[in-house]
Protein chains: 2
Amino acid sequence: MSQLISLRDRKRTETWAALHDAAARLTLENGPDRVTTEAIAAQANVSARTFFNYFGTKEDAILGLQDPSIHDSWLAAFDVDADLLDQVSRLLVQVVHSTEGGADGDSLRMEVVRRFPQLRQRRFGYFLKVEQLVRDVLTEGITASAKWADVARRHRAEDISRMIVLIAGAPMRYAMQESAHAPTLDNQFAALSTANALLREVLPEIQ
Amino acid sequence: MSQLISLRDRKRTETWAALHDAAARLTLENGPDRVTTEAIAAQANVSARTFFNYFGTKEDAILGLQDPSIHDSWLAAFDVDADLLDQVSRLLVQVVHSTEGGADGDSLRMEVVRRFPQLRQRRFGYFLKVEQLVRDVLTEGITASAKWADVARRHRAEDISRMIVLIAGAPMRYAMQESAHAPTLDNQFAALSTANALLREVLPEIQ
DNA sequence: GTGCAGAGCCGCAATTTTGCAGTTGTGTAA
DNA sequence: TTACACAACTGCAAAATTGCGGCTCTGCAC
């Protein structure tokens, strides 16, 4: 019973959470610059070296950011031949969401971001990785799609994907810039849907 | 600060204690035969395999027995040319004590032994290892001692040590047999000092 | 008694954690 | 300015943990 996930995976998750929690907690107490990776590791009861096995930078730990990854089920649901703007932006949202650690209701993270908005910048860096991932998926889809065969004859699939992801990602960038100042969950959602509507309105005009 | 021992050593000690604690606790609840190594490992939050990295047998874990080892300071204090009976039995006591985990006031172990005296047998097995260790030390001492050079000319140092350890260990064996029935700390000490006195009385008579 | 399941225990390879010795960049006291 | 401490971060090898397959033994249903 309760062997749904291996002990190894469970412990890895626990360690990740312990580090993020320690980082966020200590940051709230002392501010991000007065917290050392060493202190975080000590608080999480692991070595300083292990800290960097889990997070690339101190800020990632504070924010609980994970390397973006694409879940199989998202891939299965992805359809190049459907409304691409919709498909791609959905995938972008999913992957971006996957970079923000397990628990959504992580009030610690929200509090940290509220108090130290500078940290928010890190998300933009992550967004580049997210785009790369989604681009790869899209490129593969386009290459295999009959619908795109024509365009693909005049442009490389990589370039087509790059352009589409840029367009479909515009609302997310918009929302990130917007909510950087007042980074609450509500603000993010609001900004994103505003941006989506905006994009839909702008697109026909420029075609 | 507080880096007196390495994180590695501290964690090793903690894991050892967690396993012993889990083993003893579960044994008290269910009896030694109704506890599995797997349950102990789960309770201690490590894998079943790790259990056997720490303890050779389930009983060792329940009793908190460690492989005997000789501390450097004991070695330094050991003097072949002093009263050997005293020296050797002191060393035996120290090493035996070292096989019974860190915390002395481990009421859990005492309670377990009180409730399930069968477990006590395991100690006799350990005593053999303890004797072996002490014999090695003694052999080396005798080999290097001028005082023993004469006897060592007629007998192998190993054999001399064996005999001495047997004699010096008699009180401990006596005490272990005695206290097997009523295994409290007081009983052990009492039995040991009785046995020591007894030995001292008997020896002159048989020489 | 025969088969079989459960539990103790071990060997080994894969994964994770740790220690340690760097390198780099930055603030700051001399 | 120079010197230097300190903190972020990395590479690498040693140690610890895990998963897994396999072995043996014992009790129990058949």
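The chains referred to below are lettered A, B, ... by the order of the sequence lines, with proteins before strands, and numbering in each begins at 1. Model, not experiment: these values are computed from the prediction.
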Under 3.5 Å: donor-acceptor pair, side chain of B:Gln87, backbone of B:Asp79 |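 Yes; at least one donor-acceptor contact below 3.5 Å.
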For B:Ser98 and B:Val95, indicate whether the former's side chain and the latter's backbone hold a donor-acceptor pair under 3.5 Å.
->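 Looks like yes, one N/O pair under 3.5 Å.
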Is it the case that A:Asn53 and A:Arg12 place a side-chain donor and acceptor less than 3.5 Å from each other?
->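 No.
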For the [atom1] atom on [X], are there more than 12 heavy atoms of other groups (residues, nucleotides or ligands in this structure) within a distance under 6.0 Å?
{"X": "B:Arg154", "atom1": "CZ", "answer": "yes"}
{"X": "B:Glu140", "atom1": "CD", "answer": "no"}
{"X": "A:Arg122", "atom1": "CZ", "answer": "yes"}

Close N/O contacts between protein and nucleotides 5-9 of chain C (under 3.5 Å):
unit_1, atom_1, unit_2, atom_2, d
C:dG8, OP1, B:Val35, O, 3.3
C:dG8, OP1, B:Thr37, N, 3.2
C:dG8, OP1, B:Lys58, NZ, 3.1
C:dG8, OP2, B:Thr37, N, 3.0
C:dG8, OP2, B:Thr37, OG1, 3.0
C:dC9, OP2, B:Lys58, N, 2.9

Mind calculating the distance between [atom1] ([X]) and [atom2] ([N]) to the nearest angstrom?
{"X": "B:Glu14", "N": "D:dT17", "atom1": "CD", "atom2": "C1'", "answer": "15 Å"}
{"X": "A:Phe55", "N": "D:dT10", "atom1": "CZ", "atom2": "C1'", "answer": "18 Å"}
{"X": "A:Asn45", "N": "C:dT18", "atom1": "CG", "atom2": "C1'", "answer": "13 Å"}
{"X": "B:Ile5", "N": "C:dT18", "atom1": "CD1", "atom2": "P", "answer": "14 Å"}
{"X": "A:Arg34", "N": "C:dT26", "atom1": "CZ", "atom2": "P", "answer": "18 Å"}
{"X": "B:Asn53", "N": "C:dA14", "atom1": "CG", "atom2": "P", "answer": "17 Å"}

With the criterion being N/O to N/O and under 3.5 Å, what pairs connect the protein with nucleotides 19-25 of chain D, and how long is each?
unit_1, atom_1, unit_2, atom_2, d
D:dG19, OP1, A:Leu7, N, 2.9
D:dG19, OP1, A:Arg8, N, 3.0

Salt bridge (charged side-chain N to carboxylate O under 4.0 Å, His left out): which pairs involve residues 125-134 of chain B, sequence neighbours left out?
-> B:Asp67-B:Lys129, B:Glu131-B:Arg173
Side-chain N,O (A:Tyr54) to OP1/OP2 (C:dT17) below 4.0 Å |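 Indeed, a polar side-chain atom of A:Tyr54 lies that close.
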Establish, with yes or no, whether the OP1 or OP2 oxygen of C:dT17 is under 4.0 angstrom from a side-chain nitrogen or oxygen of B:Lys11.
->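 Result: no.
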Charged N to carboxylate O under 4.0 angstrom, B:Arg25 versus B:Glu29?
-> no
